[in-house]
Amino acid sequence: MSNVKKVKQPRRKPGRLERREARMGYVFVAPWIIGVLAFLVYPLGQSFRYMWYNIRITPLGTNFIWYGTKNFSQIWLENADFPQGLVTYIWQTIVEVPIIVVFALIIAMMLNGKIRFRGFFRLLFFLPVIIVSGPVMNMLVSEGAATIPAMNVQSIVSAFARFLPMSVAQSVGEIFSNMIMILWYSGVQILIFLSALQKVDPALYEAAKIDGGSGWECFWKITLPTIKPMILLNAIYTIIFMSSNEQNELINMIKNAMFSGTKEKGYGYASAMAWMYSLVVTLVVVIFFLLLGSKKDKYDRAVKRYQRQVKKEERLQKKIQRRSKRNAQKYAKGVRRNKYRTYDGSGDY
């Protein structure tokens with residue numbers, strides 16, 4: 001059998017319409033790329049450089065004094081508020097993020113139902129995202145608008161402290177005291193969940209109800225698996241939002257250290273605090289990603305296992321064919337050299 005060489009197909013050149021669409025794609029992406037380079041990559045590099053120096057601004061210019069790791073050691077050894085604030089931030093985030101996401105999911109499911117004035121209620125829940133931000137948020141918090149005066153938070157903490165550790169009870173009490181803030185923080189998450197719920201095919205619910213599925217079963221078997229990627233997205237969005245808003249004590253601590261007039265603090269000191277804080281935020285995001293990330297179910301694992309078995313059998317079949325081919329070639333070579341005699345069918349060899 002002669003060996004047939006595969007002819008390499010020539011590479012097809014993109015047409016004029018494809019090149020035009022590619023250029024327009026680069027045009028639309030260009031503002032984002034410029035923004036990332038100017039307002040993200042460059043400040044990150046600058047902050048990474050600053051954290052190794054003690055920066056002093058004088059009338060003659062900016063003086064950079066090499067500090068190495070002194071900023072980090074100074075933060076951990078002399079500033080007791082920052083490590084304590086990191087521990088408080090981690091605990092509050094782990095407790096509050098699931099509550100915010102679950103609350104947003106419940107409200108989104110209610111707003112997705114057939115109710116009167118549905119558009120008005122959707123606007124009502126999303127309106128705080130637009131209005132309550134920046135200075136408005138600070139003013140409302142200072143006036144006590146973020147708390148419920150009629151709620152006795154201390155009684156709630158005492159009730160939970162009977163069967164929970166005091167640190168957990170205090171975190172639960174802070175959630176009840178900041179209930180209005182949780183409502184304000186849930187607008188974008190409600191919108192994302194609402195858009196995901198509207199993408200679910202109603203035929204799935206109809207088929208489940210025909211088979212006798214209840215509303216609770218439809219939620220766990222249809223709704224939740226369908227919107228699972230949005231749960232991860234909302235959790236990460238909530239972490240980033242809570243980590244960077246002006247109500248975060250660590251953000252205010254970093255800002256105060258940056259504009260401090262003392263000799264020890266300054267831009268370098270604040271940059272070191274910011275990088276350590278960003279590493280902690282990244283760690284929290286990774287934890288939630290590992291907990292809520294998409295995991296393949298048993299059917300996907302069975303399909304993968306079957307595909308691996310098929311590939312293994314194909315490799316074994318090819319190995320047998322190559323071995324048979326080598327043996328046939330070896331036998332034919334021996335016949336040509338009269339090493340093997342063949343039977344001619346007449347009784348003689």
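The model shown is predicted, which means the values in this text are computed figures rather than measured ones.
Rounding to the nearest 0.5 Å places CG of Leu77 at 13.0 Å from NZ of Lys70. Taken to the nearest 0.5 Å, the CD1 atom of Ile107 stands 11.5 Å off from the CG atom of Leu194. Of the inter-residue distances, the one linking Met230 atom CE with Lys199 atom NZ reads 10.0 Å to the nearest 0.5 angstrom. Considering CD1 of Ile55 and CG of Asn63, their distance stands at 10.5 Å, rounded to 0.5 Å. The structure places CE of Met51 at 14.0 Å from CE of Met273, a figure rounded to the nearest 0.5 Å. Interatomic distance, Ser214 OG to Lys209 NZ, rounded to the nearest 0.5 Å: 10.5 Å.
The two residues Ala270 and Ala257 come nearest to each other via the heavy atoms CB-C, 4.1 Å. Between Leu204 and Ile222, the closest heavy-atom pair is O-CD1, 3.5 Å. Of all heavy-atom pairs spanning Ser243 and Ile239, the tightest one is OG-O, 2.5 Å. The minimum heavy-atom distance linking Ala235 with Val97 is given by the pair O-CG1, 4.0 Å. Taking both residues in full, the closest heavy atoms of Ala208 and Cys218 are given as CB-SG, 3.7 Å, listed atom of the first, atom of the second, then distance. Of all the heavy atoms in Glu217 and Gly212, the pair that sits closest is OE1-O, 4.1 Å.
In terms of the side-chain hydrogen bond (donor to acceptor under 3.5 Å, both in side chains) criterion, Asn112 has no residue partners (sequence neighbours excluded). Residues forming a ring pair (Phe, Tyr, Trp, His ring centres under 6.0 Å) with Tyr237 (at least two apart in sequence, or on another chain): none. Under the rule for a side-chain hydrogen bond (donor to acceptor under 3.5 Å, both in side chains), the partners of Tyr205 that lie at least two apart in sequence or sit in another chain are Thr223. For Trp76, there are no ring pair (Phe, Tyr, Trp, His ring centres under 6.0 Å) partners at least two apart in sequence or on another chain. Evaluation of the ring pair (Phe, Tyr, Trp, His ring centres under 6.0 Å) rule for Trp32 yields no partner, not counting sequence neighbours. Partners of Phe64 by ring pair (Phe, Tyr, Trp, His ring centres under 6.0 Å), not counting sequence neighbours, listed by chain and number: Tyr50, Tyr53.
For the ring pair (Phe, Tyr, Trp, His ring centres under 6.0 Å) test with Trp275, the passing option among Phe48, Trp52, Phe72 is Phe48; the others fail. Considering Ile34, Ile33, Leu40 as possible partners of Leu37, the one that fulfils the side chain to side chain contact (heavy atoms under 4.5 Å, CB included) test is Ile33.
The shortest distance between side-chain heavy atoms of Ile227 and Phe193 falls below 4.5 Å. Within the 4.5 Å cutoff, side-chain heavy atoms of Val285 are placed close to those of Ile240. With contacts defined as side-chain heavy-atom distances shorter than 4.5 Å, the pair Leu224/Ile231 qualifies. Side-chain contact check for Lys318 versus Arg315: every heavy-atom pair is 4.5 Å or farther apart. The side-chain heavy atoms of Val188 and Asn234, taken from C-beta on, include no pair separated by under 4.5 Å. You'll find the side chain of Ile100 reaches within 4.5 Å of the side chain of Met242, heavy atoms only.
Heavy-atom neighbours of Gln46 CD from other residues, nucleotides or ligands within 6.0 Å: above the threshold of 12.
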Check against side chain to side chain donor-acceptor pair (under 3.5 Å), Tyr67 and Asn54: CA-CA 6 Å; Tyr67 253 35; Asn54 183 11; 3.2 Å; yes
Using the side chain to side chain contact (heavy atoms under 4.5 Å, CB included) rule, take Tyr269 and Met258 through it: C-alpha gap first, then chi angles, then the decisive distance, then the call. CA-CA 7 Å; Tyr269 186 88; Met258 181 182 297; over 6 Å; no
Go through the steps for Gln317 and Glu314 under the test side chain to side chain contact (heavy atoms under 4.5 Å, CB included), then give the verdict. CA-CA 5 Å; Gln317 188 68 23; Glu314 290 178 353; 5.6 Å; no
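Val102 and Trp216 fall within a single hydrophobic cluster, where Ile, Leu, Val, Met, Phe, Trp and Tyr are joined by side-chain heavy atoms under 4.5 Å apart, directly or via other members. Transitive grouping of hydrophobic side chains (ILVMFWY, heavy atoms separated by less than 4.5 Å) brings Val95 and Ile236 into a common cluster. Both Trp66 and Ile75 sit in one connected hydrophobic cluster of ILVMFWY residues. Membership requires side-chain heavy atoms under 4.5 Å apart, directly or through other members. Both Phe219 and Phe103 are assigned to one and the same hydrophobic cluster, defined by single-linkage of ILVMFWY side chains at heavy-atom distances under 4.5 Å. Met110 and Val200 are members of different hydrophobic clusters when ILVMFWY side chains are connected at heavy-atom separations under 4.5 Å.
Put simply, the side chain of Asn248 never gets that close to the backbone of Ser244: no donor and acceptor are under 3.5 Å apart. Not a single donor-acceptor pair under 3.5 Å links the side chain of Ser47 to the backbone N or O of Leu44.
Checked against the 6.0 Å centroid threshold, Tyr89 and Tyr277 count as a close aromatic pair.
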